Amino acid sequence: MHELSIASAILDAVQTEAEKRPGSRVTKVVVRIGALSGVEPEALSFGFSVLVQGTMLEPLALEIEAVPRRQRCPACDLTFDVVDDNLACPRCANGETILAGGEELDLAYLELEE
């Protein structure tokens, strides 16, 4: 389960940021996970909660923002969210579109209490 190692890396980043702000406490971490990232959000959330339990970071909350697969049409320059695995451009029906997003795995932001 590689989600556990991802959760551990997220917690390492949170601790690094928390050390830069003495006297504050991180209350929430938000990550963006692309539909094509290969990360299972439920498994990541579970692994995160297991790693936080019983630590000084508890009750740190993890929020996951799902990022859909996005394609760009080179013919009309439209960037669009893919729906029902249809990669054709919804504006001009071009079937030769280019991947433009959905592979993300980003630490979006942290919420702190001072």
Side-chain angles (χ1 to χ4, degrees):
M1 172 156 110
H2 74 288
E3 283 82 357
L4 192 58
S5 63
I6 294 169
S8 179
I10 291 168
L11 287 173
D12 288 345
V14 167
Q15 288 177 321
T16 298
E17 287 302 311
E19 289 169 2
K20 294 177 184 177
R21 294 161 180 83
S24 63
R25 185 173 71 83
V26 181
T27 58
K28 179 166 70 169
V29 59
V30 179
V31 295
R32 291 188 185 107
I33 299 178
L36 301 175
S37 68
V39 176
E40 184 61 44
E42 294 82 17
L44 178 61
S45 183
F46 176 76
F48 186 88
S49 65
V50 167
L51 292 175
V52 168
Q53 189 175 14
T55 71
M56 62 192 327
L57 291 173
E58 192 174 28
L60 177 62
L62 173 67
E63 183 177 308
I64 296 173
E65 294 179 355
V67 178
R69 178 177 185 163
R70 296 182 55 76
Q71 295 286 116
R72 188 182 64 76
C73 177
C76 71
D77 203 34
L78 176 70
T79 300
F80 60 94
D81 292 350
V82 173
V83 178
D84 297 328
D85 295 323
N86 182 2
L87 303 181
C89 177
R91 181 187 293 158
C92 72
N94 178 15
E96 304 280 329
T97 59
I98 302 163
L99 180 66
E103 299 175 311
E104 298 87 351
L105 177 55
D106 300 322
L107 179 60
Y109 64 91
L110 305 172
E111 286 186 5
L112 301 163
E113 282 183 355
E114 304 254 347

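Just so it is clear, the model here is predicted, and its values are computed rather than measured.
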First locate atom [atom1] of [X], then atom [atom2] of [Y], and finally report the distance between them rounded to the nearest 0.5 Å.
X     : Y      : atom1 : atom2 : answer
Ser24 : Leu112 : OG    : CG    : 5.0 Å
Leu60 : Ser49  : CG    : OG    : 11.0 Å
Arg70 : Asp81  : CZ    : CG    : 4.5 Å
Glu58 : Gln53  : CD    : CD    : 6.0 Å
Ile6  : Leu107 : CD1   : CG    : 12.5 Å

Would you say the side chain of Pro90 lies within less than 4.5 Å of the side chain of Leu78, judging by non-hydrogen atoms?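 Yes, close enough: below the 4.5 Å cut-off.
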
In this structure, would Ile64 and Leu105 fall into the same cluster of hydrophobic residues linked by side-chain contacts under 4.5 Å?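 As far as the 4.5 Å side-chain criterion goes, Leu105 and Ile64 are connected within one cluster.
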
Sort and list the pairs that fulfil side chain to side chain donor-acceptor pair (under 3.5 Å) and have at least one residue in residues 90-106, not counting sequence neighbours.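 Found Gln71-Thr97.
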
Side chain to side chain donor-acceptor pair (under 3.5 Å) pairs, two or more places apart, involving residues 10-19: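 Sorted result for residues 10-19: Glu17-Lys20, Glu17-Arg21.
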
Check the pair Asn86, Val83 against side-chain contact (heavy atoms from CB on, under 4.5 Å), reporting the backbone distance first and the verdict last. CA-CA 6 Å; Asn86 182 2; Val83 178; 5.9 Å; no

So, applying side-chain contact (heavy atoms from CB on, under 4.5 Å) with Leu57, which one of Thr27, Leu11, Val29, Leu51 is it?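 For Leu57, the side-chain contact (heavy atoms from CB on, under 4.5 Å) check succeeds only for Leu11.
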
Kindly write out the residues that satisfy salt bridge (Lys or Arg N to Asp or Glu O under 4.0 Å) with Arg69, not counting sequence neighbours, or none if the list is empty.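 For Arg69 there are no salt bridge (Lys or Arg N to Asp or Glu O under 4.0 Å) partners, ignoring immediate neighbours.
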
Could you work out, with salt bridge (Lys or Arg N to Asp or Glu O under 4.0 Å) as the rule, every residue matching Asp77, not counting sequence neighbours?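 Partners of Asp77 by the salt bridge (Lys or Arg N to Asp or Glu O under 4.0 Å) criterion, ordered by chain and then number, come out as Arg72.
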
Check: residues 32-48 side-chain donor-acceptor pairs under 3.5 Å, at least two apart:
{"from": "Arg32", "atom 1": "NE", "to": "Glu65", "atom 2": "OE1", "distance (Å)": "3.0"}
{"from": "Ser37", "atom 1": "OG", "to": "Gly34", "atom 2": "O", "distance (Å)": "2.8"}
{"from": "Ser37", "atom 1": "OG", "to": "Val39", "atom 2": "N", "distance (Å)": "3.2"}

Each residue besides Tyr109 in its hydrophobic cluster should be listed here, by chain and number; the cluster joins Ile, Leu, Val, Met, Phe, Trp and Tyr at side-chain heavy-atom distances under 4.5 Å.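 The other cluster members (ILVMFWY side chains, heavy atoms under 4.5 Å, direct or chained) are Val30.
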
